[in-house]
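Accompanying notes for the structure given below.
As a basis for the values below, the full set of heavy atoms in this structure was taken, side chains included, without hydrogen atoms, waters or symmetry mates. The first residue of the sequence shown is numbered 1, and numbering continues consecutively from there.
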Amino acid sequence: MKSPTSITVAEWPKNGKETLRVQLTEYQGRPIIDLRVWYEGRDGELRPSRSGLTCSTSHVERLADALAEALSQLKAARR
């Protein structure tokens, strides 16, 4: 069930059947960031899959830094 305090930060199609969604939400009263694959259920509603990463919001800055470094290395490899 979706937490009433969930904020969807971004989402984009992963493929024809799945969506990748980034959310700020809570789990057991603690703030978390959730990067998860969502799929369309039989009723047409998006449902969270088991595929994803959930971590404390205290890790967001380090995660952002790591993703920025990965992007930098990808760009350098394309040159």
| message | Using side-chain contact (heavy atoms from CB on, under 4.5 Å), reason through R21 and V9 one step at a time and then give a plain yes or no. | response | CA-CA 8 Å; R21 184 179 284 179; V9 177; over 6 Å; no
| request: With side-chain contact (heavy atoms from CB on, under 4.5 Å) as the test, would you mind laying out the steps for W38 and E45 before giving the verdict? | output: CA-CA 10 Å; W38 289 64; E45 295 290 320; over 6 Å; no
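Clustering ILVMFWY residues whenever any of their side-chain heavy atoms sit less than 4.5 angstrom apart, transitively, puts L53 in the very cluster that holds W12. Note on I32 and V22: separate hydrophobic clusters, where clusters join Ile, Leu, Val, Met, Phe, Trp and Tyr whose side-chain heavy atoms are under 4.5 Å apart, directly or indirectly.
No side-chain donor-acceptor contact under 3.5 Å links R36 and S51. Looking only at atom types and distance, the side chain of T19 has no donor-acceptor partner in the side chain of E11 under 3.5 Å away. In this structure, a donor-acceptor pair under 3.5 Å is absent between the side chains of D34 and T25.
Taking CG from L67 and CZ from R62, the interatomic distance works out to 13.0 Å, rounded to the nearest 0.5 Å. Rounding to the nearest 0.5 angstrom, the gap separating the OG atom in S58 from the CD1 atom in I33 is 11.0 Å. With rounding to the nearest 0.5 Å, the separation of CG in L24 from OG1 in T8 is 9.0 Å. The line from CZ of R30 to CD of E26 is 11.5 Å long, rounded to the nearest 0.5 Å. The distance from the OG atom of S56 to the CG atom of L63 is 11.5 Å, given to the nearest 0.5 Å. For the atom pair E40 CD and R47 CZ, the distance stands at 10.0 Å (nearest 0.5 Å).
Across Y39 and P48, no two heavy atoms sit closer than the pair CE2-O, 3.6 Å. Annotation for H59 and C55: closest pair CB-SG, 4.0 Å, computed over non-hydrogen atoms.
Residue E69 qualifies as enclosed at atom CD: its count of foreign heavy atoms under 6.0 Å is above 12.
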